[in-house]
Every structure is written in structure tokens, then in C-alpha cells.
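Worth knowing before you read on, the calculation uses all heavy atoms, side chains too, and leaves out hydrogens, waters and symmetry mates.
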Amino acid sequence: MFFNIIIGFILPWILGFRLYKRAPKIILFIAPISSVIAHIINELAVHYRFWKVKPFGYGDFSRLPFDIGLYAVLGSLAIYLIHYQRINEYLVVLFFAFLTTIGELIMVLIKRVDYFKGWNIYLTFFSYLIAYILVYIYYQKIRNQKL
């Protein structure tokens, strides 16, 4: 569990706090929705037994550092690049889906994540792609409301 807390929560939030200093609204508006989307996808996948995250004995707590850490910060960083750096949103979404998939592939290779029922890294890419698209749609909605 220590590994999950360091890799999934502490290290990402070091970047998250730096991002907060530059763009507090991005973190305040985007991190929570990124976390919620990650949690929903993880819960559905675990419910249908597509994957498990070690340590297995901790249930939801094994994934929680990633849901409230890594995925919250990465979603925020993606929107930061789109909003402030004016990088093409399609490229950012694809890049972050690819980057996150590579990170998960490493976790699979080092046996921190196990796949079941035909789940594979390609489906993982599409799950991340959907997640980042949803975060981007949410960003567009709040941007249109001038929040």
C-alpha cells in the first residue's frame, strides 16, 4: 500500500501543488471531476472484475491514492495545457490517454495491476481516452459559464 500512496498520491500532488500556484481554478474545478470520473471507471471495472490493483486485500483503498492523486492531477494538467498553454485539445487528450496507458502498462508488467476477462492494454487506452474526453467536456461547460 505504501507504493500506491507514494506513486499514486504523494508524487502527483507535488506537481499538483505547483500547478495550484500557477492556476488555482484549474485544480479547484478540474481535480474533483477527474477524481470522480476515475473512481466511477475503477468501480465499474472492479465490479465487473476486469482488473485488480495490488495490494488486493485493501479493496477500494488500493485504488484510492490513484483516484484522488494521479488521475486528479493528470486531468488538471491536461486542462492547464489546453487552457493556458493553448495546446490543441485533441492532441492533449490523446497524449494524456497514451501517457496514462503507458504508466498502467508498466504497472501491469511489474505485477501491480492484473487484468481479467479479456481486458487488455488497448481497452485500457480507450477507458483513459473516454475519461479525458469527459474531463474536457466538463471543462468546456464550466468555461462557457465563465467560472
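Note: H83 NE2 to S76 OG = 13.0 Å, rounded to the nearest 0.5 Å. Of the inter-residue distances, the one linking L105 atom CG with I110 atom CD1 reads 10.5 Å to the nearest 0.5 angstrom. To the nearest 0.5 angstrom, I137 atom CD1 is 11.0 Å from I33 atom CD1. Rounding to the nearest 0.5 angstrom, the gap separating the OG atom in S35 from the CD1 atom in I30 is 12.5 Å. Expressed to the nearest 0.5 Å, how far CD of E89 lies from CD of Q140 amounts to 7.0 Å. Here the straight-line distance linking atom CG of N120 with atom CH2 of W51 works out to 11.0 Å at 0.5 Å rounding.
A heavy-atom distance below 4.5 Å is found between the side chains of P65 and M1. In this structure, L64 and F61 have side chains that are in contact, with non-hydrogen atoms separated by less than 4.5 Å. Side-chain contact between T100 and Y132 is present, with heavy atoms from C-beta onward closer than 4.5 Å. Taking 4.5 Å as the limit, some side-chain heavy atom of Y139 sits within range of a side-chain heavy atom of Y136. Residues H39 and S34 have side chains not in contact (no heavy-atom distance under 4.5 Å, counting atoms from C-beta outward). Counting heavy atoms from C-beta outward, I27 and F17 have side chains that stay 4.5 Å or more apart. With contacts defined as side-chain heavy-atom distances shorter than 4.5 Å, the pair I37/I40 does not qualify. A heavy-atom distance below 4.5 Å is found between the side chains of M107 and F66.
Other residues, nucleotides and ligands place more than 12 heavy atoms under 6.0 Å from the CZ atom of F29. Annotation for K117: atom NZ counts as buried by contact number, over 12 foreign heavy atoms lying within 6.0 Å. In F98, the CZ atom is not crowded: 12 or fewer heavy atoms of neighbouring residues, nucleotides or ligands sit closer than 6.0 Å. Residue-environment remark: CD (Q85) exceeds the threshold of 12 foreign heavy atoms within 6.0 Å. Heavy-atom contacts from other residues, nucleotides or ligands closer than 6.0 Å to CZ of F3 number more than 12.
Here the closest non-hydrogen pair linking G69 and F9 is CA-CD1, 3.9 Å. For P12 against G8, the heavy-atom pair with the smallest separation is CG-O, 3.5 Å. Scanning all heavy atoms of the two residues, the minimum distance from P24 to R22 falls at CD-C, 3.8 Å. The two atoms that bring I41 and A131 nearest to each other are CD1-CB, 3.7 Å, heavy atoms only. Closest approach of Y80 and A23 over heavy atoms only: CD1-CB, 3.8 Å.
For N4 (side chain) and K54 (main-chain N/O), a donor-acceptor pair under 3.5 Å exists by modelled atom type. Without hydrogens or angle criteria, W119 side chain to R49 main chain gives no donor-acceptor distance under 3.5 Å.
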TODO: Please assess N42 against Y71 for the test side-chain contact (heavy atoms from CB on, under 4.5 Å), listing each intermediate value before the final yes or no.
DONE: CA-CA 11 Å; N42 275 324; Y71 303 132; 4.0 Å; yes
TODO: Tell me, with the steps shown, if T124 and Y115 meet side-chain contact (heavy atoms from CB on, under 4.5 Å).
DONE: CA-CA 10 Å; T124 296; Y115 290 159; 2.7 Å; yes
- [ ] Walk me through it: do D114 and K111 pass the test salt bridge (Lys or Arg N to Asp or Glu O under 4.0 Å)?
- [x] CA-CA 7 Å; D114 289 337; K111 306 289 186 204; 5.9 Å; no
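Under the 4.5 Å side-chain contact rule for hydrophobic residues, I79 and Y90 do not share a cluster. The same ILVMFWY cluster, assembled from side-chain heavy atoms under 4.5 Å apart, contains both I87 and I133. Under the 4.5 Å side-chain heavy-atom criterion for grouping Ile, Leu, Val, Met, Phe, Trp and Tyr, L28 is connected to I68 within one hydrophobic cluster. When the side chains of ILVMFWY residues are joined at heavy-atom separations under 4.5 Å, either directly or via intervening members, F116 and F56 end up in two distinct hydrophobic clusters. One hydrophobic cluster, built from ILVMFWY side chains closer than 4.5 Å, holds both I130 and L44.
Using modelled atom types, one finds a donor on one side chain and an acceptor on the other under 3.5 Å when comparing E104 with Y128.
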